[in-house]
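Structure first, commentary second.
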Amino acid sequence: QVQLVESGGGLVLAGGSLRLSCVASGGTFSSYAMGWFRQAPGKEREFVATISWSGGRSAYANSVKGRFTISRDNTKNTVYLQMNSLKPEDTAVYYCAAVRSFDVFLSQGEYNYWGQGTQVTVSS
């Protein structure tokens, strides 16, 4: 059983930056593809970014491409989401997710493990 704990959320002005972290425990971290998803008030949870077990492959939602960067440090069992040029529409609860696979997945249905989420609020 994998446990995921996100941190790094907060309140930031539009144009600012935040870095989210997700620490995993209870499994072999390097065996898992990792993803970030988000859910804004009144909306469905949506894909943000994903990264393969080695970090060699990644994918992004069009809405964040060029502004967000996903990375991982397998020695620290941690995946990161660097968010730059934040916009008010990026306001959401951000969730970290894991699936035991060497592939990458954009669909939340593919992920087996989820964190509790961290709130990101971008003020204009």
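In what follows, every heavy atom counts, from backbone to side chain, and hydrogens, waters and symmetry copies are set aside. Bear in mind that the values here come from a model prediction, so they are computed numbers and not experimental data.
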- Would you mind reporting whether Trp114 and Cys96 have side-chain heavy atoms less than 4.5 Å apart? no
- Query: So, Asn77 side chain and Ser30 main chain: donor-acceptor pair closer than 3.5 Å or not?
  - Reply: no
- Query: With sequence neighbours excluded, what pairs up with Phe105 under the ring pair (Phe, Tyr, Trp, His ring centres under 6.0 Å) test?
  - Reply: none
- Would you check if the side chain of Thr69 reaches a backbone N or O of Gln82 as a donor-acceptor pair within less than 3.5 Å? no
- Message: Tell me if a side-chain donor or acceptor on Tyr113 pairs with a main-chain N or O of Ala24 at a distance below 3.5 Å.
- Response: no
- Message: Suppose we screen for side chain to side chain donor-acceptor pair (under 3.5 Å). Which residues come up paired with Tyr94, at least two apart in sequence or across chains?
- Response: Arg38
- Task: For the pair Arg67 (side chain) and Ser63 (backbone), establish whether a donor and an acceptor sit closer than 3.5 Å, ignoring hydrogens and angles.
- Result: yes
- Are the side chain of Thr118 and the backbone N or O of Gly9 linked by a donor-acceptor pair below 3.5 Å? yes
- Task: For the residue pair Ser101 and Tyr111, confirm or rule out a side-chain donor-acceptor distance under 3.5 Å.
- Result: no
- Query: Backbone N or O of Ser52 within a donor-acceptor pair of the Arg72 side chain at under 3.5 Å?
  - Reply: yes
- So, Gln108 side chain and Arg45 main chain: donor-acceptor pair closer than 3.5 Å or not? yes
- Task: Check whether the side chains of Asn84 and Ser17 place a donor and an acceptor atom closer than 3.5 Å, and report yes or no.
- Result: yes
- Is the backbone N or O of Tyr80 less than 3.5 Å from a side-chain atom of Ser21, with the two atoms forming a donor-acceptor pair by type? no
- Item | Exercise: identify the closest heavy-atom pair between Ile70 and Tyr60 | N-OH, 2.9 Å
